[in-house]
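Chain A is the first sequence line, chain B the second, and so forth, proteins listed ahead of strands; every chain is numbered from 1.
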Amino acid sequence: MPDTRAVAPLLLSWYDRHHRSFPWRVPPAEGQRGLRAQPYHVWLSEVMLQQTTVQAVMPYFERFRTLWPRVEDLAAAETEDVMKAWAGLGYYARARNLKKCAEAVARDHGGRFPDTEEGLRALPGIGDYTAAAVAAIAFDRPSAVVDGNVERVVSRLFRVEESLPAAKREFRALTASITPKERPGDFAQAMMDLGSTICTPRRPVCALCPLNGHCLAYRTGAEIETYPRKAPKKEKPVRRGAAFVARAADGAIFLRRRIDSGLLGGMSEVPSTAWSARTDGATEADAAPFAADWQPCGSVTHVFTHFSLELTVFAADGLEAIRRNDGWWEPATSLSGAALPTVMKKAIALAFPQALAS
DNA sequence: CATACGTGGTT
DNA sequence: TAACCAAGTAT
């Protein structure tokens, strides 16, 4: 077994020299002087970073912080504006829960985030990972912060043979065994930095790792890339459907709002048929939301987490923007700022290449 | 415990 | 290029 006491000092020393800088972070030197990142910023960044890359998150984080500087501002915002600001980041339940969480903090906690893992865990959109991360980073709690990076580091450090997701409990216990009471927030961020820059999924740079002297997988000559062990994945089915992009004479595009639950919940869309597993290849101009001169203009493919979608796109142009109760005509000038998920932007761009240029 | 839930980048 | 991956959560 690795010497669990030796890990944290080595890792923190490495972090002091090699930490990455982000808008939501406080550098370790300032942390040592007692400065802490704002819980609101830590929480916002952690939610955005769930299953999402730092690069993708960066502009969204800055945008949210500008639009809503405090959690009370976010709590008071229009949900539709939050969805618009989140559009393109994916996993839209996060945006809905983000708003609910802000409201709960403002209403039930006087605008202050709970400072314990348990208190945080009870809020919408905050699970085991985020509760532990916010508790450690914002409130100096020695919680076991386990994300995908940490699972990878720990699985190699201790050469864990059990597969994910069954190994979750073991990873949590092992992480707790190396988490220090001093600087737990820096330790958590250091583990994640190590996982994303040194202990990478493929081609890890073990020669530069501050923990290589204690890493069981490294010391025993194991095939390091094969950790963590994972259960085999299921293959993605293909679903098909049709989308109808209607443009008025003034350039407005007809949009609808999807129901709050399920895929792309609460986001905007162009009228579409259901997405089925049907493979007969029929076109369905007759499934259009209203009568018009619908012209087929090709198809777009979009890959979701658990299926691929092939969307046949129909377009109609120069329509009279008659008022309808099942949607609205989004003006050309505001279309690019609408709450449109990427798949819908693809469909609109195929029908009218300049529509989203704005 | 398994499944639903986005998107864009990398290999 | 198909596969894999990225700071997970809710049900």
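When each of A:Arg203 and A:Leu340 is assigned the nucleotide of DNA chain B with its nearest heavy atom, A:Leu340 is the one assigned upstream, toward the 5' end. Sequence order on DNA chain C of the closest nucleotides to A:Ala131 and A:Arg202 puts A:Arg202 first from the 5' end. Mapped onto DNA chain C by nearest heavy atom, A:Arg121 and A:Val54 fall at different nucleotides, with A:Val54 at the one closer to the 5' end.
Taking only distance into account, the side chain of A:Thr52 never meets the base of C:dG8 through a donor-acceptor pair shorter than 3.5 Å. Residue-to-nucleotide contacts include a donor-acceptor pair under 3.5 Å from the side chain of A:Thr305 to the base of B:dG6. For A:Tyr91 and B:dG6, a side-chain-to-base donor-acceptor distance below 3.5 Å is present, hydrogens and geometry of angles not being considered.
Counting heavy atoms of neighbouring residues, nucleotides and ligands inside a 6.0 Å radius, atom CZ of A:Arg203 does not exceed 12 of them.
Rounded to a whole angstrom, the distance from the C1' atom of B:dC1 to that of C:dT9 is 15 Å. When the P atom is used for both B:dC5 and C:dC5, the distance is 22 Å, rounded to whole Å.
Residue A:Pro165 places its side chain closer to B:dA2 than to any other of C:dC5, B:dG6, B:dA2. Set against B:dG9, C:dA6, C:dG8, the side chain of A:Gln55 has B:dG9 as its closest nucleotide. Side-chain proximity of A:Pro341 to B:dT7, B:dG6, C:dA6: nearest is B:dT7. Of all nucleotides listed (B:dG6, C:dG8, C:dC5), C:dG8 comes nearest to the side chain of A:Asp147. Listed candidates were C:dG8, C:dA10, B:dG8. Nearest to the side chain of A:Thr342 is B:dG8. In the set C:dA6, B:dT7, B:dG6, the nucleotide with an atom closest to the side chain of A:Arg152 is C:dA6.
Residue A:Leu164 contributes atom CG, which lies 14 Å from atom C1' of B:dA2 at whole-angstrom precision.
At the phosphate of C:dA3, neither OP1 nor OP2 sits under 4.0 Å from any side-chain N or O atom of A:Lys236.
Residues A:Ser276 and A:Arg239 bring no donor and acceptor atom of their side chains to less than 3.5 Å of each other.
Side chain of A:Thr273 to main chain of A:Ala242: a donor-acceptor pair is present (N/O by atom type, distance under 3.5 Å, no hydrogens or angles).
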For residues 331-344 of chain A, which side-chain donor-acceptor pairs fall under 3.5 Å, sequence neighbours excluded?
unit_1   : atom_1 : unit_2   : atom_2 : d
A:Ser334 : OG     : A:Glu330 : OE2    : 2.6
A:Ser334 : OG     : A:Pro331 : O      : 3.4
A:Ser336 : OG     : A:Ser358 : OG     : 3.0

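Counting any heavy atom pair closer than 4.0 Å across all strands shown, A:Tyr60 reaches no nucleic acid atom. Contacts of A:Gly195 with the nucleic acid, taken as non-hydrogen atoms under 4.0 Å apart, are absent.
Note on A:Arg257 versus A:Glu80: salt bridge recorded, some NZ/NE/NH1/NH2 to OD/OE distance being below 4.0 Å.
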